[in-house]
Protein chains: 2
Amino acid sequence: MARVKSEKMFENITLAAESLFEEHGYIGTTISRIAKEAGTAPSNVYVYYPSKIEIAFAVFDPWLRARITELEERVAGCAGVREQLTTLVEGLLRDIAGDETGRTLTLVQALATAGKTDEYSPALLHWTEERILGMIARALPDGDPDLLRSLAHVLMLAFDGVALRQNLRRSNEGEDYVVHSILNLLFFTLTASRAPVQRNAAGTARTDDRS
Amino acid sequence: MARVKSEKMFENITLAAESLFEEHGYIGTTISRIAKEAGTAPSNVYVYYPSKIEIAFAVFDPWLRARITELEERVAGCAGVREQLTTLVEGLLRDIAGDETGRTLTLVQALATAGKTDEYSPALLHWTEERILGMIARALPDGDPDLLRSLAHVLMLAFDGVALRQNLRRSNEGEDYVVHSILNLLFFTLTASRAPVQRNAAGTARTDDRS
DNA sequence: GCCGTAAAGCGAATTACATTCGCTATTGAC
DNA sequence: GTCAATAGCGAATGTAATTCGCTTTACGGC
């Protein structure tokens with residue numbers, strides 16, 4: 001063997017990219033700029049990453065995992081079903097998907113511009129969906145498994161939708177409405193799926209934990 | 001006045017763009033190629049459209065409106081609530097958002113790469129959401145208006161999500177699962193919202209029109 | 001400590017595009 | 001028939017990702 005990759009340089013490039021993506025998004029960030037910020041030449045960036053899109057994935061992956069894990073803790077700390085679901089949906093859609101630092105926008109841009117040749121491992125998406133399913137299932141232990149999976153899937157789609165529309169909106173009032181809509185739907189569904197267990201005379205259902 | 005824009009040339013450019021976007025997506029289509037296909041020079045394209053993204057919008061807008069209108073007719077022709085909702089969701093998510101000719105992918109790519117300076121009128125999105133709301137409301141005339149609007153909104157998000165993920169998947173089995181999930185959720189919700197009116201002894205609800 | 005070598009590092013291409021410029025040719029209005 | 005606006009076009013321009021070829025460095029074996 002001979003000369004070895006510098007851990008320091010790898011870190012410089014990754015951190016520079018992270019900071020620039022955050023500030024300017026995927027498309028607004030150039031390899032030249034990343035290199036300059038990392039203190040090297042553009043061509044040397046390709047010693048550490050095979051392409052620009054791989055840098056974006058490398059930056060986004062740990063960020064999303066950290067946010068989801070953090071969200072799991074917050075959800076687990078909530079007392080009732082409604083609080084748990086509200087925390088989950090707000091955290092996922094408003095805080096993470098609607099993230100103002102533009103990281104999900106970065107990913108959306110990267111994914112949208114990814115060519116057929118860019119191999120994007122769906123591992124992160126799977127992982128995320130499983131985590132969301134876990135949170136839902138813990139909130140609704142008696143829920144029908146198929147329905148819970150459907151909920152998780154729809155939440156993932158909504159996540160993508162919110163991220164995509166980041167690029168179109170000025171204000172973020174849209175996200176609040178999204179959160180409201182999903183929770184609206186979720187609570188109706190919750191009512192329906194738990195209805196056989198507890199139902200009052202008026203025909204409306206209530207859970208044992210009020211918010 | 002002097003020389004006037006040729007209607008024929010405008011059509012040539014638009015049709016060439018439509019065909020190329022369909023085949024290669026937004027990013028895979030170049031202005032040079034559009035011009036060649038239209039029988040003119042790249043620079044002349046800019047006499048008819050201010051930018052590449054405007055061409056994409058011009059092509060996508062009438063296509064989406066036609067598909068949605070067509071879907072409205074199909075939904076209206078369905079007999080029961082479940083058939084109507086199934087037709088709506090399948091048509092919207094599998095046929096239109098998951099469109100194999102890649103038109104929604106084209107739009108997603110265009111939107112994702114759109115700079116802050118690109119003015120994209122949200123008129124089309126509003127129009128689409130209103131049409132979806134109309135279809136849902138006609139299927140569920142007794143539904144709570146707020147809930148119906150939430151449903152329409154979530155469907156729009158799912159639409160975006162499906163379109164975005166077009167770029168990641170090889171097969172389209174994912175769309176079938178999406179359709180299943182949404183319908184699953186929808187029917188639970190339907191059950192819940194109609195429950196106060198009709199409910200049988202077992203605590204499960206059923207509507208008056210079975211599929 | 002020295003040497004060979006694989007690989008880091010880098011400046012200069014290369015390639016690909018969207019978009020603009022300056023000029024020529026056309027055509028509609030008078 | 002003349003004028004003038006503008007369609008049409010070939011050649012820039014500018015930007016950005018990625019590659020190339022060369023130089024320099026530093027690890028492993030001796």
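Naming: A, B, ... by sequence-line order, numbering from 1 per chain. None of the values given here were measured: they were computed from a predicted structure.
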Kindly say whether B:Arg65 contributes a backbone atom to a donor-acceptor pair with the side chain of B:Thr69 at under 3.5 angstrom?
yes
Which of D:dG8, D:dA16, D:dG10 is nearest the side chain of A:Thr30? It is D:dA16
Taken to the nearest whole Å, OH/A:Tyr48 to C1'/D:dT18 is 18 Å
Rounded to whole Å, the CD1-P distance (A:Ile34 to D:dA17) equals 8 Å
With the side chain defined as heavy atoms from C-beta on, A:Ala41 is closest, among D:dA16, D:dT18, C:dG11, to C:dG11
Atom NE2 of A:His24 and atom C1' of D:dT15 are separated, to the nearest Å, by 16 Å
- Item | Worked verdict on A:Phe60 versus A:Phe21 for ring pair (Phe, Tyr, Trp, His ring centres under 6.0 Å) | CA-CA 10 Å; A:Phe60 185 75; A:Phe21 283 150; over 10 Å; no
Note: B:Tyr26 and B:Lys52 closest approach over all heavy atoms is O-NZ, 2.9 Å
Here the distance between atom P of C:dA18 and atom CD of B:Glu54, to the nearest Å, is 15 Å
Whole-Å distance, B:Arg3 CZ to D:dT6 C1', equals 8 Å
By nearest-heavy-atom nucleotide on DNA chain C, the more 5' of A:Thr40 and B:Ile31 is A:Thr40
Test side chain to side chain contact (heavy atoms under 4.5 Å, CB included) applied to B:His180 and B:Glu90, step by step:
CA-CA 9 Å; B:His180 166 258; B:Glu90 282 184 353; over 6 Å; no
Among C:dT19, D:dA17, C:dG9, the one nearest any side-chain atom of A:Lys52 is D:dA17
Ranking B:Val4 and B:Tyr26 by the position along DNA chain C of their nearest nucleotide, the one closer to 5' is B:Tyr26
Correct closest heavy-atom pair for A:Ala38 and A:Ala16 would be N-CB, 4.1 Å
note: B:Tyr49, atom OH; D:dA7, atom P; distance rounded to Å ~ 14 Å
Of the listed C:dG9, D:dC27, D:dC9, the closest approach to the B:Asn44 side chain comes from D:dC9
Closest to the side chain of A:Tyr46, out of C:dA8, D:dT18, D:dA11, is D:dT18
A:Met9 atom CE is separated from D:dT24 atom C1', nearest whole Å, by 14 Å
Which of D:dA7, C:dT19, C:dC10 is nearest the side chain of B:Pro42? It is C:dT19
In whole angstroms, the gap separating C1' of D:dG10 from NZ of B:Lys36 amounts to 15 Å
